[in-house]
There are 2 protein chains.
Amino acid sequence: MAADIQLQGVAEELQLAVGLLVRHMRMASAGSGVTLSQVSVLKRLDREGPATVTALARAEQIRPQSLNATVSSLRSAGYVEHTAHPTDGRRKVIALTEQGRRFVRERKEAGHGRLADLMADRLSPAERQALAEAVPLLRRLAEAPSPHVPGTWTE
Amino acid sequence: MAADIQLQGVAEELQLAVGLLVRHMRMASAGSGVTLSQVSVLKRLDREGPATVTALARAEQIRPQSLNATVSSLRSAGYVEHTAHPTDGRRKVIALTEQGRRFVRERKEAGHGRLADLMADRLSPAERQALAEAVPLLRRLAEAPSPHVPGTWTE
DNA sequence: TATTGTTATACTCTATAACTATA
DNA sequence: TATAGTTATAGAGTATAACAATA
């Protein structure tokens, strides 16, 4: 259960890197009209399809109230819309609008810049390979639920 | 200069992971009385020794004004103190107090929990090895200056 | 009663702008 | 004039608490 001493060091270094990387990412998306959290939601809706507020919040690992703030901005910007759930009157389904889909598509075509450029600039081919293998592991760690049940998607 | 198509995918996945991991980290440090940014500064002062506001801000990759807010909290909490720079009257040197050193030490002894535990729980030995090799690369990316010069430390 | 969503409020994190003091 | 630091202000991101509507 307790992590060994080696892992401690790796974890600490990872924590440092993540803290700095998120600042890079935030700065990079600063000029683009949407914020980091907003992009995260847009990309998720694009990848996984429409979802309820609760399901989205679980996937993003934040509270529904917090997600609501993000979704409100996206709604004002015209990127997402609410529609009624077919069978459950309490639920509302959030989906990308045509404009939202276009935004995600154009962003993808523009090349997702910053991080990819950094990797191209500062890593050797072998190092890029090593990173490519490790990233799915990071994702697995990231998607592990904190003390909660994993949310079922959309339903 | 432009990253190839393979890297794009890795970068995108990395971005997703980093966004979620930082939420994990924030939650993990929530109960401990200090926030994520505060911990980052405390650990840096412990690793690298006393520093001026400007140097610290550069290392943390935020503006001096932003750093000031963090340092103010740490000062109120008694973890750091300001002292005059020996030769330059404009500068102020920030250093850990005895209490700050104790805090960092105890935190280290307690085991830096969350991330290390996740790694122990959800990764095979081979996967841990792969991650351990990739983390220094992440750090290299993270420490690359955005459009700025790297700050010289303390002086 | 439990779940879904919402509104109100507050605190952290970071930025920009404008200022003072020192070099 | 340039640099180091500070204060004021604002917006993003998230949390808790309290509530309404529906199941």
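Quick caveat, the model's predicted, so the values are computed rather than measured.
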Given that A:R23 and A:T54 both sit by DNA chain C, which one's nearest nucleotide is further toward the 5' end? A:T54
Determine: side-chain N/O of B:S73 to OP1/OP2 of C:dT12, distance under 4.0 Å, yes or no. no
Starting at atom CE of B:M25, determine the distance to atom P of D:dT14, rounded to an integer number of angstrom. 13 Å
Starting from P on C:dT3, measure out to CG on A:L56 and report it in whole angstrom. 19 Å
A:M27 atom CE is separated from D:dA12 atom P, nearest whole Å, by 17 Å
Can you figure out which of C:dT16, D:dG13, D:dA18 approaches the side chain of A:S37 most closely? D:dG13
May I ask you to evaluate whether A:S66 reaches the phosphate of D:dA15, defined as a side-chain N or O under 4.0 Å from OP1 or OP2? yes
Measure from the side-chain heavy atoms of B:I62 and tell me the nearest of C:dT14, C:dC13, D:dT14. C:dT14
Nearest to the side chain of A:R90 - D:dG5, C:dT4, C:dT22? C:dT4
If only side-chain N and O atoms count, and only distance matters, is there a donor-acceptor pair under 3.5 Å linking B:Q8 with B:E12? no
Once you round to the nearest 0.5 Å, how far does CZ of B:R122 lie from CZ of B:R128? 12.5 Å
Taking atom types as they are modelled, would you say the side chain of A:R91 forms a donor-acceptor pair with the base of C:dT4 within the 3.5 Å cutoff? no
B:R63 atom CZ is separated from C:dA18 atom P, nearest whole Å, by 16 Å
Donor-acceptor pair, side chain of B:E13 and main chain of B:V10, under 3.5 angstrom: no
Determine whether a donor-acceptor pair (N or O, by modelled atom type, separation under 3.5 Å) exists between the side chain of B:S73 and the backbone of B:A69. yes
Are OP1 or OP2 of D:dG13 and a side-chain N or O of A:T35 less than 4.0 angstrom apart? yes
How would you label the contact of B:A69 with the nucleic acid (heavy atoms, under 4.0 Å): base, sugar-phosphate, or nothing? base
note: B:Q38, atom CD; C:dT14, atom P; distance rounded to Å ~ 11 Å
Nearest-angstrom distance from the residue atom NE2 of A:H85 to C1' of C:dT4: 11 Å
So what does B:L67 hit on the nucleic acid, given a heavy-atom distance under 4.0 Å: a base, only sugar-phosphate, or nothing? nothing
Among D:dT6, D:dT14, D:dA23, find the nucleotide with the atom closest to the side chain of B:P64. D:dT6
Give the rounded distance in Å between these two atoms: CZ of B:R26 and C1' of D:dT14. 8 Å
Rounded interatomic separation in angstrom, taking CG from A:N68 and P from D:dA15: 13 Å
Indicate yes or no for a side-chain donor-acceptor contact from A:T52 to the backbone of A:R91 under 3.5 Å, with no hydrogens or angles considered. no
Would you kindly compare A:G19 and A:K92 by the position of their nearest DNA chain C nucleotide and give the one closer to the 5′ end? A:K92
